[in-house]
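These numbers come from a predicted model, not from an experiment. When reading the values below, keep in mind they use all heavy atoms of this one structure, side chains included, and skip hydrogens, waters and symmetry mates.
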Amino acid sequence: MIPEAENATLGVGRRTVQLTNLDKVFWPELGLTKRDLLQYYADVSSFLLPHLRDRAMVMKRYPNGIHGKCFFMKRTPPSRPEWIETCDIMHKSGNLIDFPMVQDLASLLWLVNLGCIDLNQWYARCDDVDRPDYLHFDLDPVEGADFVKVRETATVVRDALVALGMEPLVKTSGSKGLHLYVPIVRGPVQKEVWRFAKALAKLLAQEHPALITAEYRIADRPHGRVLVDYNQNAWGRTLASLYSVRPTDRATVSTPVTWEEVERGIEIADFRMQNVPQRVSKLGDLWARLLAPRGRFPLPEVP
DNA sequence: ACATATC
DNA sequence: GATATGTAATGCGCA
DNA sequence: TGCGCA
Ligand SMILES: [Mn+2]
Ligand SMILES: [Mn+2]
């Protein structure tokens, strides 16, 4: 349990983590505080942590809640406890950046205490940051498209992947759309994964022009379609992780769902900080397969 | 949230 | 002492 | 060469 005091020192296993400003209201409309956010992450941690382990984290900090100013941070703050592990990544610009990694519950609470509401991990583990463990499609409704179309698009993308011998997983983004992920056999570099995702997205947009677009320029995206965004499959980019709370009015959560749920008709707002822990403790991690050594798919040739 | 700079 | 500022950035496609 | 884009 997260302590009731405004500031607290919490023993977590062999670590001690400092938690601060616990009564600060992060969601004024819902009356949810930073303590509630930390408690949520503690509650889902056993399902979340395996997905973050050994991956560099990009921090998006909201020190004053969802309506306050936010900022990105990559470098681990110098004030970190000495037991926070980092991942040093050389950038083409010449910058060597020490990203934090979330290796256990203590480091997860430390990161969330910085004001990180959603969590953004690299697709590739730190030992080889250019060889991702998955490919994904980020489905976003363009202006004028409703969530029914997003779900329909998801099944179209799923069927295309199945036809190529893969079995994608699906989650709500917690924002406006859905995320489809495929666990791949590690080997291809990020650019090769990107090339495959781009080719498939463009093909599907061609086959379903009334439903799907894959245009990267906003002005070129036709009204009422669903963007199949392949472009996030790139070095150094991230998406909100599974079980991430989003800085939305309803405290929505990026939640793994079954394909049956997608077909029956779920909504983004069905999955919130207040009900996802119960769901996850009942169903377990629907995305455990994303990390399993078996059941990974070789990246197909560009379709 | 916090270190640093500038007034 | 008060207030302002920074805190990330790749790289592809195209004009 | 520089913008748009996430
Ligand atoms: Mn999205
Ligand atoms: Mn997107």
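Judged by distance alone, with hydrogens and angles left aside, the side-chain atoms of A/Asp159 form no donor-acceptor pair with the main-chain N or O of A/Val162 at under 3.5 Å. Formation of a donor-acceptor pair under 3.5 Å by the A/His136 side chain with backbone atoms of A/Tyr134 is not found in this model. Side chain of A/Ser107 to main chain of A/Gln103: a donor-acceptor pair is present (N/O by atom type, distance under 3.5 Å, no hydrogens or angles). With hydrogens and angles ignored, the 3.5 Å screen pairs no side-chain donor or acceptor of A/Tyr62 with any backbone N or O of A/Phe26.
Taking atom C1' on both C/dT10 and B/dA1, the two are 28 Å apart, rounded to the nearest angstrom. Taking the C1' atoms as reference points, B/dC2 lies 23 Å from C/dA9, given to the whole Å. Using C1' as the reference atom, D/dA6 and C/dT5 are 25 Å apart when rounded to the nearest Å. Only the C1' atoms considered, D/dC5 is 23 Å distant from C/dG6, to the nearest whole Å.
Here A/Asp249 does not pair with A/Arg272 in a salt bridge; the nearest charged N to carboxylate O distance is not below 4.0 Å. For the pair A/Arg279 and A/Glu261, the salt-bridge criterion is met [side-chain N within less than 4.0 Å of a carboxylate O]. Under a 4.0 Å N-O distance rule, the pair A/Arg80/A/Asp98 qualifies as a salt bridge. Comment: A/Asp118 engages A/Arg246 in a salt bridge, judged by a side-chain N to carboxylate O separation of less than 4.0 angstrom. The pair A/Glu167-A/Arg296 does not meet the salt-bridge criterion, since no charged nitrogen lies less than 4.0 angstrom from a carboxylate oxygen. A salt bridge links A/Arg125 and A/Asp133; the closest N-O separation between the charged side-chain nitrogens and carboxylate oxygens is under 4.0 Å.
For the segment residues 111-135 of chain A, no residue has any heavy atom less than 4.0 angstrom from an atom of DNA chain B. A heavy-atom distance below 4.0 Å to DNA chain B is reached by these residues of residues 51-67 of chain A, ordered by number: A/Arg61, A/Pro63.
Stacking of the aromatic ring of A/Phe71 onto the base of C/dA8 is not found under the criterion of centres within 5.5 Å and planes under 30°.
Backbone-only engagement by A/Ile218 is indicated by non-hydrogen atom pairs under 4.0 Å involving sugar-phosphate atoms exclusively. As judged by a 4.0 angstrom heavy-atom cut-off over every strand, A/Arg195 is placed among residues making no nucleic acid contact. A/Lys24 comes within contact range of the sugar-phosphate backbone alone, with a heavy-atom separation under 4.0 Å but no base atom that close.
In this structure, A/Leu37 places its CG atom 13 Å from P of B/dA1, rounding to the nearest Å. Rounded to an integer number of Å, the gap from CZ of A/Phe72 to C1' of B/dA1 is 17 Å. Atom CG in A/Asp138 sits about 16 Å away from atom P in D/dC5, given to the nearest Å.
A/Leu180 and A/Leu227 fall into different hydrophobic clusters, where Ile, Leu, Val, Met, Phe, Trp and Tyr residues are linked whenever their side-chain heavy atoms come under 4.5 Å apart, directly or through other members.
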So which protein nitrogen or oxygen atoms get under 3.5 Å of nucleotides 9-13 of chain C's nitrogens or oxygens?
from   : atom 1 : to       : atom 2 : distance (Å)
C/dT10 : O2     : A/Arg237 : NE     : 3.2
C/dT10 : O2     : A/Arg237 : NH2    : 2.7
C/dG11 : OP1    : A/Lys92  : NZ     : 3.2
C/dC12 : OP1    : A/Lys191 : NZ     : 3.2
C/dG13 : OP1    : A/Lys198 : NZ     : 2.7

